[in-house]
Amino acid sequence: MQTKFNWILLACAAAALVVTGYKEMHAKPQPHLVNEASCTPEAIKRMDSITERAIQSSQCSHRSK
């Protein structure tokens with residue numbers, strides 16, 4: 001019974017990864033302002049797109065140097 005549950009859990013995780021990957025592949029990241037307010041951790045976490053979050057985080061770290 002435990003192995004059946006593990007396979008179901010694995011299938012759900014794989015499906016979630018496929019859906020997220022498909023969504024990210026077809027998304028066009030929108031540019032965001034790089035200022036004090038948009039570089040807070042809370043502002044970055046509110047972004048929906050994984051790619052936009054990564055870009056914003058990188059730009060904010062370059063800004064602080």
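Only a predicted model underlies this, so the values are computations on that prediction, with no experimental measurement involved.
- With S58 contributing its side chain and I55 its backbone, the two residues share no donor-acceptor pair below 3.5 Å.
- The neighbour count for D48 CG, taken as heavy atoms of other residues, nucleotides or ligands under 6.0 Å away, does not exceed 12.
- For the side chain to side chain donor-acceptor pair (under 3.5 Å) with S49, the lone residue among K23, E24, Q56 that qualifies is E24.
- Between R63 and E36 there is a salt bridge, since a side-chain N of the basic residue sits under 4.0 Å from a carboxylate O of the acidic one.
- Smallest separation of non-hydrogen atoms from P29 and T51: CG-CG2, 3.9 Å.
- A distance of 9.5 Å separates CG in N35 from OG1 in T40, rounded to the nearest 0.5 Å.
- No option in H32, K45, M47, R46 other than M47 meets the side-chain contact (heavy atoms from CB on, under 4.5 Å) test with R53.
- Among all heavy-atom pairs drawn from S38 and L33, the shortest one is OG-O, 2.6 Å.
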